[in-house]
Amino acid sequence: MSPLRPRPDQPARRPVLPERPALEGLEEKWSVRWEQAGTYHFDRTAPREAVFAIDTPPPTVSGSLHVGHVFSYTHADTIARYQRMQGREVFYPIGWDDNGLPTERRVQNYFGVRCDPSITEDSGPPDRAGRRGSEPPVPVSRPTFVALCHQLTAEDEGAFEALFRRLGLSVDWRHTYTTISDRAVRASQRAFLRLLRSGHAYSTEAPTLWDVDFQTAVSQAELEERPLPGAYHRLRFPLLGPADRPLPLSPPDPAGPAVEIETTRPELLAACVALVCHPDDPRYQPLVGQLVATPLFGVPVPVVAHPLADPEKGSGIAMVCTFGDTTDVVWWRELALPTRTLVGRDGRLQPAPFGSPGWESLDPAGAQRAYAELQGRRPEAARRRIAELLAEAGYLVGEPRPITHPVKFYERGERPLEIVSSRQWYVRTLPLRQRLLERGRELRWHPPHMRHRYEAWVEGLSSDWNISRQRFFGVPFPVWYPLDDEGQPDHDHPLVPPEEALPVDPSVDTPPGYRPEQRGRPGGFVGDPDVMDTWATSSLTPQIAGGWEDDPELFGRVFPMHLRPQAHEIIRTWLFSTVVRAELEHRSLPWSDVAISGWVLDPDRKKMSKSKGNVVTPLDLLERLGTDAVRYWAASGRPGVDTAFDEAQMKVGRRLAIKVLNASRFALGRLADEGAETLPGPEAVRHPLDLAMLAELGEVVREATAAFEAFDYARALERTEAFFWRFCDDYLELVKARAYGEPGATTPDPEASRSARAALGLALSILLRLLAPFQPFVTEEVWSWWHDQDASIHRAPWPRLEELPVAAREASAADGQGTLALASWVLGAIRRAKTDARRSMRSPVAQAVVRHRPEALAALDPALADLREAGAVLELRTEALPDGQEPAVAVELAELSEP
RNA sequence: GGGCGCAUAGCUCAGUUGGUCAGAGCGCAGCCUUCACACGGCUGAGGCCACAGGUUCGAGUCCUGUUGCGCCCA
């Protein structure tokens with residue numbers, strides 16, 4: 001807990017106070033000074049033991065700025081500031097996530113363009129001003145498109161940086177990175193090449209979840225299920241008998257013996273490769289091993305058994321198509337079924353050559369006729385048409401039965417995902433599961449229960465991590481393929497560059513051993529056209545920010561990092577993938593602690609979203625209420641807990657900041673009264689009331705420190721704030737007269753005055769530092785009133801109990817019977833009496849009698865003089881009370897005297 | 001269907017290992033133009049701690065179940 005590194009001492013000087021302190025303008029003033037002074041600069045010479053490194057989320061800059069950013073980034077910032085004040089060198093970089101689909105989409109909409117890689121030359125980007133919403137997008141070349149992406153992300157990043165500076169984040173802006181920068185590309189490609197070499201990355205042609213609009217593969221982590229209306233179609237499959245019997249030569253009879261199945265995707269009937277039932281299902285056991293014919297198409301398919309077939313669902317026997325859903329993929333793989341690809345990458349039904357090998361049919365001509373009605377249609381349209389055809393031919397039993405069922409979508413997509421076969425790059429995560437679970441248990445989670453989300457995800461992994469995307473604005477795979485004599489790529493023997501050559505763009509650069517003119521020629525080479533999934537890059541943020549391989553000295557000091565702050569909805573993506581990469585590359589955790597923030601909900605407890613129109617622009621809030629006010633609200637949200645957006649709570653924070661200004665002005669004014677150069681130190685605090693106040697403050701320091709050590713910023717704030725208000729409402733009022741040391745005071749006593757002033761100075765110093773992580777602007781402002789110009793409160797040491805006078809440290813926990821608590825109680829009684837009589841607080845009290853137990857009266861005794869002043873009590877007496885009687889204060893107001 | 005979390009004053013939430021734990025703030029009502037603060041201050045009313053059992057001398061606090069809400073996964 002003691003400072004690990006020496007730090008410039010920050011001696012207090014005689015305060016210089018402003019006439020009328022205000023919050024307005026503090027953000028501009030101090031963010032400029034901090035930048036000039038390098039207040040938050042990371043000292044890269046600090047030894048590793050002194051470093052506290054934070055792996056800050058790089059926000060998606062193409063997304064919108066919203067209060068959620070303000071919320072969660074403030075949480076991390078309070079911890080960063082606490083650690084810095086504890087003497088640790090805080091490595092607090094920030095990045096912008098600018099690569100990938102979100103940016104592409106924003107660029108498409110913003111400029112009205114679409115990327116067409118087949119265009120090799122164009123005249124550059126179209127004039128943005130000429131764009132009309134109704135006009136079709138202008139096709140542009142890939143280089144032009146990428147240039148537009150860079151241009152727009154640069155603008156967006158400026159807006160984010162302005163917001164985060166305004167928010168007072170104590171990041172080191174010299175360590176900013178972006179996920180599309182050369183540094184990030186190099187790190188991503190290097191890590192990929194190493195995975196490739198170690199066998200943890202591989203490419204294969206496999207059924208892949210595919211978004212037909214974005215024309216790209218989608219990973220398990222990007223899936224989302226949405227309820228969609230559908231319908232069960234009950235179809236008759238004519239029985240053909242055992243597989244070893246010769247097939248009939250004529251089309252099956254729709255009215256003959258048949259087995260009935262139910263399906264929500266009849267349009268995939270032509271891709272049916274089997275029927276599947278549960279192995280223990282007595283109804284269908286006899287059929288296993290027999291053949292049936294697909295309706296309309298007359299394709300003989302076997303009946304097979306597999307435990308995933310649900311006897312409760314539909315008729316208890318299902319058709320397997322290549323591919324209707326992920327279960328089909330499992331059946332296809334585990335039962336070694338053939339492939340009949342139907343859905344193309346554009347989402348339309350492609351030609352099906354019935355009668356040719358792989359498409360054998362009992363009635364090729366009829367099959368062709370039927371399929372001609374479907375070919376080229378999208379699944380929804382084909383579904384309607386085939387239902388009609390099936391009904392006409394007598395294969396449809398009854399009417400389709402409408403249902404609502406969950407359908408898989410790409411989380412950003414608008415149409416259901418299809419499953420197509422394509423070549424993709426994967427990282428082997430499945431064999432890693434056990435190891436990843438162990439890592440998850442090593443990691444310290446705040447709050448702890450968030451670990452369950454990670455475990456559930458790891459345990460539920462069903463496929464390796466697909467990291468390739470068929471997009472444009474991303475990190476290219478640093479891979480080429482040799483072309484054989486027919487110009488076909490050899491995917492099994494990829495060509496890779498040496499690490500020193502990174503970053504590379506295989507669509508521009510030439511692989512080692514080849515000449516540029518060999519590109520695309522037989523015997524030459526071709527570049528891998530894909531880019532990496534965004535998560536494949538952002539899973540390396542600790543490495544990218546920490547200078548992995550580029551800056552080994554820095555990396556050795558900051559990695560593994562200490563804290564990953566993030567929101568809970570990206571545990572399965574960002575957190576998970578970062579753990580995977582650190583494990584594979586470094587055999588370690590990427591960080592020791594993870595702090596999960598909740599969401600910001602609107603006042604109706606719904607997640608804030610643009611579509612609901614309930615999004616508040618954060619900049620407006622910060623300008624209207626002040627940064628410290630908004631940060632106060634954010635810091636009030638407990639770790640991991642969803643929190644309602646609440647402007648009233650921000651106003652409370654604003655009141656707190658204003659109170660800090662005014663209370664400071666009072667306390668420091670009294671300190672200044674002490675005279676020229678001799679500011680009294682802690683040893684000058686002698687008065688029991690002052691010592692009692694400091695003793696309570698010591699308890700607050702203890703609790704706030706413990707809370708911060710547990711990453712519970714909200715508790716630290718709550719304890720500090722509660723004490724601060726009591727300090728202002730009661731203690732300041734009680735010592736006011738004594739601190740002024742006015743000659744008119746009932747009991748002028750220079751040493752008692754000096755004690756009050758010293759206590760005010762010490763308490764204020766500690767309180768300001770306790771509040772500094774939450775309200776960095778107002779606390780810095782007040783700090784500057786009585787500290788040298790180059791001394792920032794944000795580099796001042798976190799309060800320690802050793803700062804308190806010994807007598808305050810030794811004061812026992814007073815449990816409501818301490819001098820301050822008793823004095824507050826008496827003061828409250830006096831106030832109540834005046835309020836009941838509708839008198840001003842200044843109106844005099846003729847007589848007040850405190851009745852309490854003797855020990856309590858003894859503790860109260862030193863505060864009686866202060867109470868007389870604070871309550872304007874002419875005569876204040878105490879009377880001992882026998883045990884068992886209720887303590888009380890009898891207050892008798894003075895007669896109103898007409899002026 | 002499985003998992004996790006939450007249910008405490010009108011609202012937002014504290015209540016850390018069971019024994020002054022029935023609290024805070026906001027809002028509301030009333031009062032006070034006090035020399036740090038009217039971007040104030042003081043005072044006050046308000047709750048069978050979701051429901052039903054159980055453990056215990058004693059339970060918002062532990063256990064079981066129920067209900068409602070939210071999220072994650074299938």
Proximity of A/Phe576 and A/Trp535 rings by center, below 6.0 Å: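 They do not qualify: ring centres at least 6.0 Å apart.
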
Partner of A/Phe71 under ring-ring contact (aromatic ring centres under 6.0 Å, His included), chosen from A/Trp599, A/Phe645, A/Trp633: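 With A/Phe71 as partner, ring-ring contact (aromatic ring centres under 6.0 Å, His included) holds for just one option, A/Trp633.
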
Under 4.0 angstrom between [X] side-chain N/O and [N] OP1 or OP2:
X        : N      : value
A/Arg719 : B/rA14 : no
A/Arg832 : B/rG44 : yes
A/Arg655 : B/rC26 : yes
A/Arg572 : B/rC73 : yes
A/Lys834 : B/rU34 : no

Please determine, for the side chain of [X], which listed nucleotide ([options]) has the closest atom?
X        : options                : answer
A/Met841 : B/rU34, B/rU12, B/rC4  : B/rU34
A/Arg838 : B/rG30, B/rC4, B/rU34  : B/rG30
A/Asp836 : B/rU43, B/rC37, B/rG5  : B/rU43
A/Ala648 : B/rG41, B/rC72, B/rC26 : B/rC26
A/Arg638 : B/rA14, B/rU33, B/rA74 : B/rA14
A/Lys659 : B/rC31, B/rG5, B/rG40  : B/rG40
A/Arg715 : B/rG5, B/rG15, B/rC71  : B/rG15

Quote, to the nearest angstrom, the [atom1] distance that separates [N] from [M].
N      : M      : atom1 : result
B/rG23 : B/rG15 : P     : 16 Å
B/rG46 : B/rA9  : C1'   : 6 Å
B/rA59 : B/rC48 : C1'   : 15 Å
B/rU20 : B/rG60 : P     : 10 Å
B/rG18 : B/rC63 : P     : 11 Å
B/rG25 : B/rG44 : C1'   : 16 Å
B/rC6  : B/rC62 : P     : 10 Å
B/rC21 : B/rU61 : P     : 16 Å

Residue met sooner reading RNA chain B from 5', once A/Val652 and A/Ser462 are mapped to nucleotides: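 On the 5' side of the pair lies A/Val652.
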
Earlier contact from the 5' end, RNA chain B, for A/Arg665 and A/Glu718: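 Its nearest nucleotide being more 5', the pick is A/Glu718.
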
Any donor-acceptor N or O pair under 3.5 Å, side chains A/Arg769, A/Ser765: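 The answer is yes; a qualifying pair exists.
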
A/Glu781 side chain to A/Trp30 side chain, donor-acceptor N/O pair below 3.5 angstrom: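 On atom types as modelled, these side chains qualify, holding a pair under 3.5 Å.
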
In whole Å, what is the span from the [atom1] atom of [X] to the [atom2] atom of [N]?
X        : N      : atom1 : atom2 : value
A/Glu411 : B/rC72 : CD    : P     : 11 Å
A/His568 : B/rC6  : NE2   : P     : 13 Å
A/Trp633 : B/rA24 : CH2   : C1'   : 20 Å
A/Trp445 : B/rC4  : CH2   : P     : 15 Å
A/Trp825 : B/rC42 : CH2   : P     : 19 Å
A/Trp725 : B/rC42 : CH2   : C1'   : 13 Å
A/Glu222 : B/rC73 : CD    : C1'   : 17 Å

Which part of the nucleic acid does [X] contact within heavy-atom distance under 4.0 Å: base, sugar-phosphate only, or nothing?
X        : result
A/Glu733 : base
A/Lys651 : nothing
A/Ala456 : nothing
A/Arg654 : base
A/Gln649 : nothing

Cation-pi geometry met for A/Lys659 and A/Phe727 (6.0 Å, 45°):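 No, cation not above the ring by the 6.0 Å, 45° rule.
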
Axial cation check for A/Phe409 ring with A/Arg226, 6.0 Å and 45° limits: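 Flagged: A/Arg226 positioned over aromatic ring of A/Phe409.
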
Syn or anti conformation of B/rG46, syn meaning chi within 90° of 0: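 B/rG46: syn.
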
Assigned glycosidic conformation for B/rG60 [threshold 90° from 0]: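 It is syn.
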
The single option from A/His75, A/His568, A/Arg564 passing side-chain contact (heavy atoms from CB on, under 4.5 Å) against A/Ile596: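 Only one of A/His75, A/His568, A/Arg564 forms a side-chain contact (heavy atoms from CB on, under 4.5 Å) with A/Ile596, namely A/His568.
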
When both hydrogen-bonding distances must be under 3.5 Å and the geometry is Watson-Crick or G-U wobble, what is [N] paired with, if anything?
N      : answer
B/rA7  : B/rU67
B/rG30 : B/rC42
B/rG1  : B/rC73
B/rC62 : B/rG54

A/Arg13 (side chain) donor-acceptor with A/His787 (main chain) under 3.5 angstrom: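 Yes, the answer is positive, given that a donor and an acceptor are paired below the 3.5 Å cut-off.
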
Donor-acceptor pair (no angle test) under 3.5 Å: A/Arg453 side chain, B/rC4 base: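 In this structure, the two groups form no donor-acceptor pair.
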
